[in-house]
Amino acid sequence: MPAARESLLDAAYTALTERPWTAVRMVEVAAAAGVSRQTLYNEFGSKEGLARALVRRETDHYLAGVARALSRGAPAAGARGDAAAPIVAAAAWTVRTARANPLVKAALTGCWGDRLPPAPTGPGDPAPTGLTDPAPGGAPRPGVPAQRAAPPGEGPLPGPAELVGRFCDQAVAALRPGWPEEELPALGTACETAARLTLSWVLAPPAPGAAPAPGRVPPQRARREPDTEAVSRLVRSAFARMTAGTQAADRS
């Protein structure tokens, strides 16, 4: 039931922006999505399964946005062009997404706060506390499966290292057509440096401002975004220095 699944994930995300995950009840998620609680359990198996599916969807959306940002500014084959532009676009997307989406920020940084689900575990690991949906008084809800195994073949959820790696892999793939083969290792280093600079900004922004309420990533707007512009300048400068140093070394 793809439509029901997306509605349930949307309802779970909305609930998470309004209250801590421990206070999110499965029956309320089902009601908000307009389906029965049994449909919710049939789809996800447990509150842990719902949390895992929600984190996976949000990180998949984040990575898809990275790919879109990189593709819009990627140079044509054989032309280096403004090599930093797609990396800057992907860095800006990362900062904007992490600012708006607490699950993406947690996945990127590994910092799972009290309001979020506990750090996700592998499918075979014991369920962390706080993921079940107990009845008042702490007893399991009658007639509701407490925990079911994750679907076969579902791997671990991506953490900071994997997300940085996939950012770098996508960046190198986008820029590779315009780079000589012998300079590809340096390109990879430059992309990784840009990714880690971006991640450090997400983890510890130097000038906290008035952050918007958690929610969906806002569309591109005409107003200036100082944090996004600042990290874009930082990434562009670092990328330019690294690639310029490689070209100078090749000419000497």
Side-chain angles (χ1 to χ4, degrees), residues 1-2 4-17 19-24 26 29 33 40-70 90-91 93-133 145-171 173 192 195-196 198-203 214-217:
M1 303 176 65
R5 184 180 181 87
E6 285 302 306
S7 295
L8 286 163
L9 291 173
D10 287 343
Y13 185 88
T14 298
L16 181 60
T17 66
R19 53 191 179 275
W21 182 252
T22 53
V24 174
M26 296 287 270
V29 171
L40 171 55
Y41 278 99
N42 288 345
E43 194 67 44
F44 300 105
S46 64
K47 193 175 181 183
E48 178 190 10
L50 176 61
R52 288 178 58 83
L54 184 58
V55 173
R56 186 173 296 282
R57 185 185 74 164
E58 299 307 308
T59 53
D60 284 349
H61 285 180
Y62 159 68
L63 290 169
V66 169
R68 288 193 301 271
L70 290 167
W93 164 258
T94 298
V95 170
R96 292 176 61 243
T97 306
R99 186 201 315 138
N101 191 317
L103 292 176
V104 171
K105 183 174 182 178
L108 283 167
T109 62
C111 299
W112 295 82
D114 294 341
R115 293 184 59 85
L116 302 179
T121 61
D125 295 340
T129 59
L131 287 178
T132 55
D133 192 22
Q147 291 288 324
R148 291 214 304 256
E154 181 181 328
L157 294 170
E162 182 177 347
L163 290 172
V164 167
R166 292 175 71 175
F167 182 111
C168 295
D169 290 345
Q170 292 185 63
E192 182 177 358
R196 294 191 180 280
T198 304
L199 185 58
S200 70
W201 193 280
V202 169
L203 183 62
R216 290 292 168 208
V217 181

>> As an exercise, state the distance from CZ of Arg196 to SG of Cys168, rounded to the nearest 0.5 Å.
In response: 7.0 Å

>> Please list all pairs meeting salt bridge (Lys or Arg N to Asp or Glu O under 4.0 Å) that have one or both residues in residues 155-167, counting only residues at least two apart or in different chains.
In response: Glu162-Arg166

> How would you list, by chain and number, every residue that makes a side-chain hydrogen bond (donor to acceptor under 3.5 Å, both in side chains) with Arg115, sequence neighbours excluded?
Replying inline: none

>> Return the CZ to CG distance between Arg5 and Asp10, rounded to the nearest 0.5 Å.
In response: 12.0 Å

>> Any non-hydrogen side-chain atom of Trp112 less than 4.5 Å from a side-chain atom of Pro102?
In response: no

>> Which residues pass the side-chain contact (heavy atoms from CB on, under 4.5 Å) test with Leu199, not counting sequence neighbours?
In response: Leu108, Thr109, Val164

> Which heavy-atom pair separates Ala33 from Leu8 by the least distance, and what is that distance?
Replying inline: CB-CD2, 3.6 Å

> To the nearest 0.5 Å, what is the distance between CD (Glu43) and CG (Leu9)?
Replying inline: 8.0 Å

> Say you draw a straight line from CG of Leu63 to CZ of Arg68; how long is it, rounded to the nearest 0.5 Å?
Replying inline: 10.5 Å

> Gly110 and Pro160: which non-hydrogen atoms are nearest, and at how many Å?
Replying inline: N-CG, 3.5 Å

>> Please give me the minimum heavy-atom distance between Pro118 and Trp21, naming the atom from each residue.
In response: CD-CD1, 4.5 Å

> Which residues satisfy the salt bridge (charged side-chain N to carboxylate O under 4.0 Å, His left out) test with Arg19, sequence neighbours excluded?
Replying inline: Glu28

> Quick one: does Leu203's side chain get under 4.5 Å of Cys111's, heavy atoms only?
Replying inline: yes

> Can you find a heavy atom in the side chain of Tyr62 that is under 4.5 Å from one in the side chain of Asn101?
Replying inline: no

> At what distance, to the nearest 0.5 angstrom, does CD of Glu58 lie from CG of Leu157?
Replying inline: 12.0 Å

> If we only count heavy atoms from C-beta on, is the Met26 to Phe44 side-chain gap below 4.5 Å?
Replying inline: no

>> Which residues pass the side-chain contact (heavy atoms from CB on, under 4.5 Å) test with Ala67, not counting sequence neighbours?
In response: Gln170

> Any side-chain heavy-atom pair from Leu54 and Leu103 closer than 4.5 angstrom?
Replying inline: yes

> What is the distance from atom CG of Leu50 to atom OH of Tyr13, rounded to the nearest 0.5 Å?
Replying inline: 14.0 Å

> Can you list the residues that meet the side-chain contact (heavy atoms from CB on, under 4.5 Å) rule with Ala171, with sequence neighbours excluded?
Replying inline: Leu70, Ile87, Cys191

